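Worth knowing before you read on, the calculation uses all heavy atoms, side chains too, and leaves out hydrogens, waters and symmetry mates. None of these values were measured; they are calculated from a predicted model. Here is how names work: the chains are called A, B, and so on, in the same order as the sequence lines, proteins then strands, and each is numbered from 1.
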Amino acid sequence: MLGFSVSVILGNPRSNEIVSSWTRMQEDLASNVDYTDNNDWSHFFKPTGFQADRDLFVAGVDISFSTTEDLSIGTIAIVKLRRDSRQQLVYSHSREVSVQYPYVPSFLGFREAPIISTLMKHLPLRVRCSLDCLLVDGNGVLHPRKAGLACQVGIGESIPCVGVSKNLLCVDGLNEKTFREYIASSHSNEIDVIGRSGFLWGKAIMTGNAKSKPIFVSVGHRVSLITSARLVTALCEFRIPSPIRFADMHSRAYLRGECNDLFMEEEFP
DNA sequence: GCGACAG
DNA sequence: ATCTTGTCGC
């Protein structure tokens, strides 16, 4: 099933058992993914486009690593944005973390989800409860077993979650090159990601000024694909949606010794 | 056998 | 993911 040797990557004879276990866990996760909107998003998305009746709060997380340091040590950042007529950073926190496993294609969740979940649990209650959604740097159901990082975090933390990836994880006969052609001949900046099986895996969206390289959005948990796409589009000032972009910038800054933690007054308990 | 492989 | 400055182009 896997075209590479995980045992070499993980470096121990038990790795095949680990991957088998992970595979079963992903199959179980997939059966628990909620592809529907749990919340009422009509407060934000009108027929005319994004228009907020009330403030929309979306969080983004990202983990960065340095080559010069211990490969198992990284920095994570979580940010919270308020989206009204504009986008404003209202909360940010970064910290050092250690990962348990190396990156193995299609098993990113087992490397990053535990870290993200721990951080989510440590968020000030007030911040955590105000979140309408969480954006994750990685796929949701656009995954070989329909159980990507965004599903793992969304289910684990019971939060509406959307997966956003910068590169296509090839499944169901999909190939990134074919998208180049579709994009060139398409008038829309949004394309359904449908494989040979006919399953709708997600959407390829041309955001910002990058009309050539799309980002791939997929359902994580408790948010429909339609809403996921609308959310991401409403949060893109550039190619990468702001919550993830800021989380990436802050985690990298923290890696360099700079701290951008931010606590707006109304965020204190 | 060859290619493909989120971060 | 990360190593990396200036530089070509809209």
*asked:* Closest approach to the side chain of A:T67, judged atom by atom: which nucleotide of B:dA6, B:dC5, C:dC3 is it?
replied: C:dC3
*Using the six-membered ring wherever Trp is involved, compare the ring planes of A:W201 and A:F199 and label them parallel, tilted or perpendicular (cut-offs 30° and 60°).*
perpendicular
*Would you tell me if any nitrogen or oxygen in the side chain of A:S64 comes within less than 4.0 Å of OP1 or OP2 on C:dT2?*
yes
*Does A:R128 reach the main-chain N or O of A:H122 with its side chain, forming a donor-acceptor pair under 3.5 Å?*
no
*For A:N139, report the nucleic acid contact type (base, sugar-phosphate, nothing); a contact means any heavy atom under 4.0 Å.*
base
_Separation of atom CG in A:L71 from atom C1' in C:dT2, rounded to whole Å_ = 10 Å
*Among B:dC5, C:dA1, B:dG7, find the nucleotide with the atom closest to the side chain of A:L169.*
B:dC5
*Are A:K177 and B:dA4 close enough that a side-chain N or O sits under 4.0 Å from OP1 or OP2?*
no
*asked:* Using whole Å, what does the distance between atom P of nucleotide B:dG7 and atom CZ of A:R245 come to?
replied: 17 Å
*Output yes when at least one side-chain N/O atom of A:N167 is less than 4.0 Å from OP1 or OP2 of B:dG7, else no.*
yes
*What are the two closest non-hydrogen atoms of A:N139 and A:S165, and how far apart are they?*
OD1-OG, 3.0 Å
_Residues in contact with DNA chain C, drawn from residues 225-232 of chain A - heavy-atom cutoff 4.0 Å_ = none
_Length of the CG-P vector between A:L29 and B:dA6, whole Å_ = 19 Å
*Can you tell me the distance, in whole Å, between the CZ atom of A:F216 and the C1' atom of B:dG7?*
15 Å
*Whole-Å distance between B:dA6 P and A:R111 CZ?*
13 Å
*If you check the A:C170 side chain, which of C:dT2, B:dG7, B:dA4 turns out closest?*
B:dA4
*Which word best sums up how the rings of A:W22 and A:Y101 line up, parallel for under 30°, tilted for 30 to 60°, or perpendicular for over 60°?*
perpendicular
_Nearest-angstrom distance from the residue atom CD1 of A:I63 to P of B:dG7_ = 13 Å
*Can you say whether the rings of A:F44 and A:F50 are parallel (under 30°), tilted (30 to 60°) or perpendicular (over 60°)?*
parallel
*Whole-Å distance between B:dA4 P and A:L168 CG?*
12 Å
*Answer whether the closest heavy-atom distance between the side chains of A:M264 and A:Q88 falls below 4.5 Å.*
yes
_Among B:dA6, B:dC5, C:dT2, the nucleotide that comes nearest once only the side chain of A:Y103 is considered_ = B:dA6
_Student check: side-chain heavy atoms of A:V58 and A:L134 closer than 4.5 Å_ = no
_Length of the line joining A:I115:CD1 and C:dA1:P, which is rounded to integer Å_ = 15 Å
*Would you classify A:L149 as touching base, sugar-phosphate or nothing, given that sugar-phosphate means primed atoms plus P, OP1 and OP2, and contacts are heavy atoms under 4.0 Å?*
base
